[in-house]
Amino acid sequence: MSAVLDQLRERIRSLTQLQTAGIDPYPYVSFEPVPTSRIHQAFDEWQGKVAVVAGRLVARRIMGAVTFLDIEDEAGRIQLYVHRDHICPGEEKTFYRDVVRKWLDLGDILRAEGTVFRTRTGEISIDVRSLTLLAKALRPPPIAKRKGEKAFSELKDPETRHRQRYLDLMVHPRVREVFRRRTQLIDAIRSFLNRHNCLEVETPVLHPVYGGAHARPFQTTVYALGNMPVYLRIANELYLKRLVIGGFERVYEFSRDFRNEGIDRTHHPEFTMLEVYIAYRDYQWMAQFTEQMLTEAIQRVAGTLLLPYSGKTIDWTPPWQRITYLEGLRQATGQDIQALSDTALRDLAIRAGIDVEGLKLTTRAQIIDKLFGTLVEPHLWNPTLVFDFPRELSPLAKRHRQNPALAERFELICGGMEIANAYTEQNIPWEQRARFLEQQRERERGDEEAMPFDEDFLLAMEYGMPPMAGLGVGIDRLTMLVTDQPAIQEVILFPLMRVRPVHEYAVPFPYEELPSVQASMSVASVHHRASSSTSAASRELRAQQDLPVDQSGSEGSPR
RNA sequence: GCCCCGGUAGCUCAGCGGUAGAGCAGUGGACUCUUAAUCCACGGGUCCUGGGUUCGAAUCCCAGCCGGGGCACCA
């Protein structure tokens with residue numbers, strides 16, 4: 001017998017005892033509890049008034065005839081002061097003695113009703129006169145104790161935290177806060193874009209031809225269309241551009257994109273990207289737009305532009321640092337990269353510790369980009385706009401108006417990561433066709449990630465594509481920076497993991513040891529009719545039945 | 001895909017050739033304002049899995065599984 005099985009049997013025992021006493025462990029309810037945070041914020045208004053709260057039982061301190069229960073709801077906790085004679089005013093004390101002290105377990109979901117007051121030690125509490133079990137927890141929560149923000153024996157194992165994210169969220173309010181901020185950040189960006197007359201649209205996830213990025217796709221099949229192969233989108237660039245061709249001048253989409261590549265702390269197979277396309281603008285304008293959009297969103301979500309990250313500070317105050325790609329390389333290497341011969345460039349890369357042979361870097365552009373990624377990008381801490389990338393690396397961007405070897409493209413680098421990428425978009429059909437042909441040649445040379453030739457997209461361009469600027473923002477990475485998280489898995493609710501049989505990480509619950517469903521049903525119905533019973537347990541049941549079905553809002557303010 | 005590190009009680013961890021440990025959680029008891037409550041007592045283990053070495057393996061070796069970190073990939 002295992003220890004956990006012992007604990008599960010204890011839960012069965014308390015559950016059975018509750019049912020025998022006529023308490024439904026999973027009652028039907030509909031009510032609106034007062035958020036505990038509101039009671040803490042407005043204690044003066046609440047003091048002496050009756051509040052209904054609900055949440056998970058996270059701590060219990062039994063002091064003889066008084067028991068303190070801490071319950072936690074989404075945004076906070078509150079202490080329940082359960083006095084034997086307050087919750088059981090008559091002679092009958094079994095509800096207190098058995099239910100409160102014994103049969104409730106950590107993890108149970110409770111509803112409590114009582115008077116808001118402050119204990120002698122100053123803790124804002126509820127003097128409970130009615131306590132209802134809303135849902136029994138059959139397993140113990142993985143939390144021991146907590147003092148303020150500091151948890152003892154908190155859940156640390158990254159595998160459990162990610163595989164069973166609900167446990168991570170349950171015991172770590174700070175993790176809930178990370179995901180709340182993620183949503184706030186997206187809201188703030190959406191609000192900015194809407195105010196700038198951008199239209200939010202939804203384009204397909206299933207692409208017959210994938211494109212818009214350099215990546216390996218996930219493939220699947222549509223049975224209804226003759227087993228047509230389709231790909232999960234790696235970007236939505238080509239569809240959004242079609243919309244601009246169609247006459248929507250400012251469009252954007254928050255899109256879940258999928259790339260079948262490595263997983264590490266800045267890469268996840270499915271991730272969220274914001275793409276924005278603005279007609280009649282170029283990449284210089286887009287750089288300012290991006291700066292404005294992100295600083296506004298960060299200021300709104302974080303309340304400051306000085307954000308702690310990884311033990312240091314990131315200063316998002318505009319204007320951000322602006323460099324060109326080649327300047328960055330010149331500062332890092334002391335060389336004018338463009339002027340170097342092929343062999344000099346190769347030597348430079350090897351001296352920089354790059355294994356040119358092993359990495360199969362063949363073209364100049366590949367070597368140059370590796371140099372940039374190794375020598376420049378990791379050292380850009382504060383937000384930096386890097387302009388004018390080599391043309392070969394940017395098949396969808398328009399050629400630089402002054403230097404034909406470059407493309408009108410910038411990336412936003414921050415915290416050593418690429419956060420955003422933008423172009424003056426290529427709108428000359430034959431130029432686009434030439435870039436597609438180049439990509440096709442790379443595919444034929446074995447580069448699986450080179451973009452397929454998209455005939456249909458080219459056709460759309462032939463009808464006239466307005467000059468425009470486009471932007472892609474890595475929302476997950478941006479969230480990492482705003483919430484000070486070291487890994488993308490910390491800002492994705494359910495990061496992808498290898499499948500593992502559940503019994504390998506949890507002891508199966510011994511359902512066969514539970515009293516039968518039939519038995520529990522009949523017990524409940526007997527007590528439903530026997531509402532004149534004077535037992536403490538059924539008094540609780542009655543209190544719960546007396547609840548209004550829905551007081552939408554009325555319980556949310558002091559009465 | 002490669003390299004390194006880890007996997008021991010529900011949680012956090014110690015133990016690293018000689019009977020499986022601690023704190024918290026759990027159970028029983030005491031306690032009418034506690035808050036990491038306290039005090040007394042008790043129960044709880046496939047030491048990730050499978051091989052091997054050894055008189056003896058949680059401990060050493062090999063393989064595998066899962067996770068983490070790094071590299072590669074992600075232009």
Side-chain angles (χ1 to χ4, degrees), chain A residues 1-11 13-14 58-70 77-86 96 101-102 105-107 117-125 127 139-148 150-163 167 171 213-216 234 259-269 271 355 358-363 365-370 372-373 389-390 392-395 411 418 421 439 442 447-451 474 486-487 489 495 497-501 504-507:
Chain A
M1 188 191 315
S2 68
V4 63
L5 198 52
D6 276 349
Q7 293 201 43
L8 298 184
R9 290 194 169 119
E10 284 300 332
R11 300 263 165 162
R13 191 166 70 119
S14 54
V58 292
R60 174 165 51 180
R61 294 175 294 280
I62 300 174
M63 298 284 305
V66 169
T67 292
F68 296 93
L69 303 176
D70 291 346
R77 296 185 159 206
I78 200 159
Q79 174 173 272
L80 305 180
Y81 172 86
V82 186
H83 191 295
R84 182 189 58 199
D85 300 329
H86 297 187
Y96 177 77
R101 290 182 47 145
K102 292 185 180 169
D105 294 297
L106 293 191
F117 77 114
R118 215 186 263 278
T119 61
R120 276 179 217 157
T121 50
E123 177 86 13
I124 292 171
S125 307
D127 184 357
R139 291 181 187 268
I143 183 73
K145 292 190 176 173
R146 171 181 296 281
K147 183 180 190 178
K150 187 168 168 52
F152 299 81
S153 299
E154 69 179 345
L155 186 66
K156 278 189 184 165
D157 176 24
E159 180 168 0
T160 309
R161 288 189 49 239
H162 295 155
R163 211 179 271 287
L167 296 179
V171 303
H214 200 94
R216 280 175 66 186
I234 58 174
R259 297 186 183 176
N260 208 343
E261 286 164 352
I263 300 175
D264 62 31
R265 69 165 88 174
T266 57
H267 296 86
H268 192 259
F271 64 102
D355 179 11
L359 302 181
K360 294 176 195 146
L361 301 178
T362 47
T363 67
Q366 283 175 328
I367 296 174
I368 291 172
D369 202 54
K370 193 72 202 169
F372 188 85
F389 283 62
E392 304 94 301
L393 302 175
S394 318
E411 281 191 359
E418 178 192 336
N421 183 18
Q439 291 290 310
E442 284 186 33
D447 182 358
E448 284 179 70
E449 292 170 354
M451 260 178 236
Q489 285 75 16
M497 299 185 94
R498 240 179 257 276
V499 175
R500 219 178 150 186
E504 281 187 11
Y505 54 91
V507 172

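First the proteins, then the strands, lettered A, B, ... as listed; each starts at 1.
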Interface polar pairs with nucleotides 65-68 of chain B, N/O, under 3.5 angstrom:
{"residue": "B:rC66", "atom": "O3'", "partner": "A:Arg163", "partner atom": "NH2", "Å": "3.2"}
{"residue": "B:rC66", "atom": "O2'", "partner": "A:Glu159", "partner atom": "OE1", "Å": "2.7"}
{"residue": "B:rC66", "atom": "O2'", "partner": "A:Glu159", "partner atom": "OE2", "Å": "2.4"}
{"residue": "B:rC66", "atom": "O2'", "partner": "A:Arg500", "partner atom": "NH1", "Å": "3.2"}
{"residue": "B:rG67", "atom": "OP1", "partner": "A:Arg498", "partner atom": "N", "Å": "3.0"}
{"residue": "B:rG67", "atom": "OP2", "partner": "A:Arg498", "partner atom": "NE", "Å": "3.2"}
{"residue": "B:rG67", "atom": "O4'", "partner": "A:Glu159", "partner atom": "OE1", "Å": "3.2"}

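- Rounded to the nearest Å, the gap between the C1' atom of B:rG17 and that of B:rC55 is 12 Å.
- Scanning for side chain to side chain contact (heavy atoms under 4.5 Å, CB included) contacts around A:Asn421 gives A:Arg409, A:Glu411, A:Glu418, A:Tyr423, with sequence neighbours left out.
- To the nearest whole angstrom, the two P atoms, one in B:rC31 and one in B:rG23, are 25 Å apart.
- With a 3.5 Å ceiling on both atom-pair distances, B:rC33 lacks any Watson-Crick or G-U wobble partner.
- For B:rU49, the paired nucleotide is B:rA63, the pair qualifying as Watson-Crick or G-U wobble because both relevant distances are below 3.5 Å.
- Contact annotation: A:Lys156 does not reach the phosphate of B:rG10 (side-chain N/O to OP1 or OP2, under 4.0 Å).
- Pairing of B:rG43, defined by two Watson-Crick or G-U wobble distances under 3.5 Å, is not identified with any nucleotide.
- For the pair A:Pro142 and A:Val171, the minimum side-chain heavy-atom distance is below 4.5 Å.
- Under the side-chain hydrogen bond (donor to acceptor under 3.5 Å, both in side chains) criterion, A:Asp264 pairs with A:Thr266, A:His267, sequence neighbours left out.
- Spacing between B:rC11 and B:rA30 at atom C1', rounded to whole Å, works out to 27 Å.
- Atom pair A:Leu8:CG and B:rA25:P shows a separation of 18 Å (rounding to whole Å applied).
- In this structure, the side chain to side chain contact (heavy atoms under 4.5 Å, CB included) partners of A:Ala65, at least two apart in sequence or on a different chain, are A:Arg84.
- Atom name C1', nucleotides B:rC65 and B:rU46: the rounded distance is 15 Å, in whole Å.
- Distance, A:Asp105 CG to B:rC11 P: 17 Å, rounded to whole Å.
- Here, B:rA22 and B:rG26 have their C1' atoms 16 Å apart, quoted to the whole Å.
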Set out, line by line, the N/O atom pairs under 3.5 Å between protein and nucleotides 28-35 of chain B.
{"residue": "B:rG28", "atom": "OP1", "partner": "A:Arg13", "partner atom": "NH2", "Å": "3.0"}
{"residue": "B:rC31", "atom": "N3", "partner": "A:Ile62", "partner atom": "O", "Å": "3.3"}
{"residue": "B:rC31", "atom": "N3", "partner": "A:Gly64", "partner atom": "N", "Å": "3.3"}
{"residue": "B:rU32", "atom": "O2", "partner": "A:His83", "partner atom": "NE2", "Å": "2.5"}
{"residue": "B:rU32", "atom": "N3", "partner": "A:His83", "partner atom": "NE2", "Å": "3.4"}
{"residue": "B:rC33", "atom": "O2", "partner": "A:Arg120", "partner atom": "N", "Å": "2.8"}
{"residue": "B:rU34", "atom": "O2", "partner": "A:Arg61", "partner atom": "NE", "Å": "2.8"}
{"residue": "B:rU34", "atom": "O2", "partner": "A:Arg61", "partner atom": "NH2", "Å": "3.2"}
{"residue": "B:rU34", "atom": "O2", "partner": "A:Gln79", "partner atom": "OE1", "Å": "3.1"}
{"residue": "B:rU34", "atom": "N3", "partner": "A:Gln79", "partner atom": "OE1", "Å": "2.7"}
{"residue": "B:rU34", "atom": "N3", "partner": "A:Gln79", "partner atom": "NE2", "Å": "2.9"}
{"residue": "B:rU34", "atom": "O4", "partner": "A:Gln79", "partner atom": "NE2", "Å": "2.7"}
{"residue": "B:rU34", "atom": "O4", "partner": "A:Thr119", "partner atom": "OG1", "Å": "2.7"}
{"residue": "B:rU34", "atom": "O4", "partner": "A:Thr121", "partner atom": "OG1", "Å": "3.2"}
{"residue": "B:rU35", "atom": "O4'", "partner": "A:Arg61", "partner atom": "NE", "Å": "3.1"}
{"residue": "B:rU35", "atom": "O2", "partner": "A:Gln79", "partner atom": "OE1", "Å": "3.4"}
{"residue": "B:rU35", "atom": "O2", "partner": "A:Glu123", "partner atom": "OE1", "Å": "3.4"}
{"residue": "B:rU35", "atom": "N3", "partner": "A:Glu123", "partner atom": "OE1", "Å": "3.2"}
{"residue": "B:rU35", "atom": "O4", "partner": "A:Thr121", "partner atom": "OG1", "Å": "2.1"}

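- With a 3.5 Å ceiling on both atom-pair distances, the Watson-Crick or G-U wobble partner of B:rC2 is B:rG70.
- Scanning for side chain to side chain contact (heavy atoms under 4.5 Å, CB included) contacts around A:Asp70 gives A:Val58, A:Ala59, A:Arg61, A:Arg77, A:Gln79, with sequence neighbours left out.
- Annotation: side-chain hydrogen bond (donor to acceptor under 3.5 Å, both in side chains) contacts of A:Glu10 (sequence neighbours excluded): A:Arg13.
- With sequence neighbours left out, A:Ser14 forms a side chain to side chain contact (heavy atoms under 4.5 Å, CB included) with A:Trp103, A:Asp105, A:Lys136.
- Summarising the geometry, the separation between CG on A:Leu5 and C1' on B:rU46 is reported as 14 Å, rounded to the nearest angstrom.
- Base-pair partner of B:rG56: not found among the strands shown (Watson-Crick or G-U wobble, both distances under 3.5 Å).
- The 5' end of RNA chain B is approached more closely, in terms of each residue's nearest nucleotide, by A:Ala487 than by the other of A:Ala487 and A:Asp369.
- The separation between A:Leu155 atom CG and B:rA25 atom P is 17 Å, rounded to whole Å.
- Regarding A:Ile263, its CD1 atom lies at a distance of 11 Å from the P atom of B:rG1, rounded to whole Å.
- By the side-chain hydrogen bond (donor to acceptor under 3.5 Å, both in side chains) test, A:His162 pairs with A:Glu490, sequence neighbours left out.
- Between the CG atom of A:Leu106 and the C1' atom of B:rC11 there is a distance of 12 Å, given to the nearest Å.
- The interatomic distance linking A:Arg11 (CZ) with B:rG10 (C1') rounds to 10 Å, in whole Å.
- In this entry the distance linking CG of A:Asp6 with P of B:rG26 reads 14 Å, nearest Å.
- Under a 3.5 Å cut-off, the side chain of A:Arg259 and the backbone N or O of A:Ile234 do form a donor-acceptor pair.
- For A:Ser125 (side chain) and A:Glu123 (main-chain N/O), a donor-acceptor pair under 3.5 Å exists by modelled atom type.
- When the P atom is used for both B:rG43 and B:rA58, the distance is 23 Å, rounded to whole Å.
- Within the 4.0 angstrom heavy-atom criterion, base atoms lie near A:Pro395.
- Using C1' as the reference atom, B:rC73 and B:rA57 are 40 Å apart when rounded to the nearest Å.
- B:rU8 and B:rC60 have their P atoms separated by 15 Å, given to the nearest Å.
- Between the side chain of A:Tyr96 and the main chain of A:Val66, a donor-acceptor pair closer than 3.5 Å is present.
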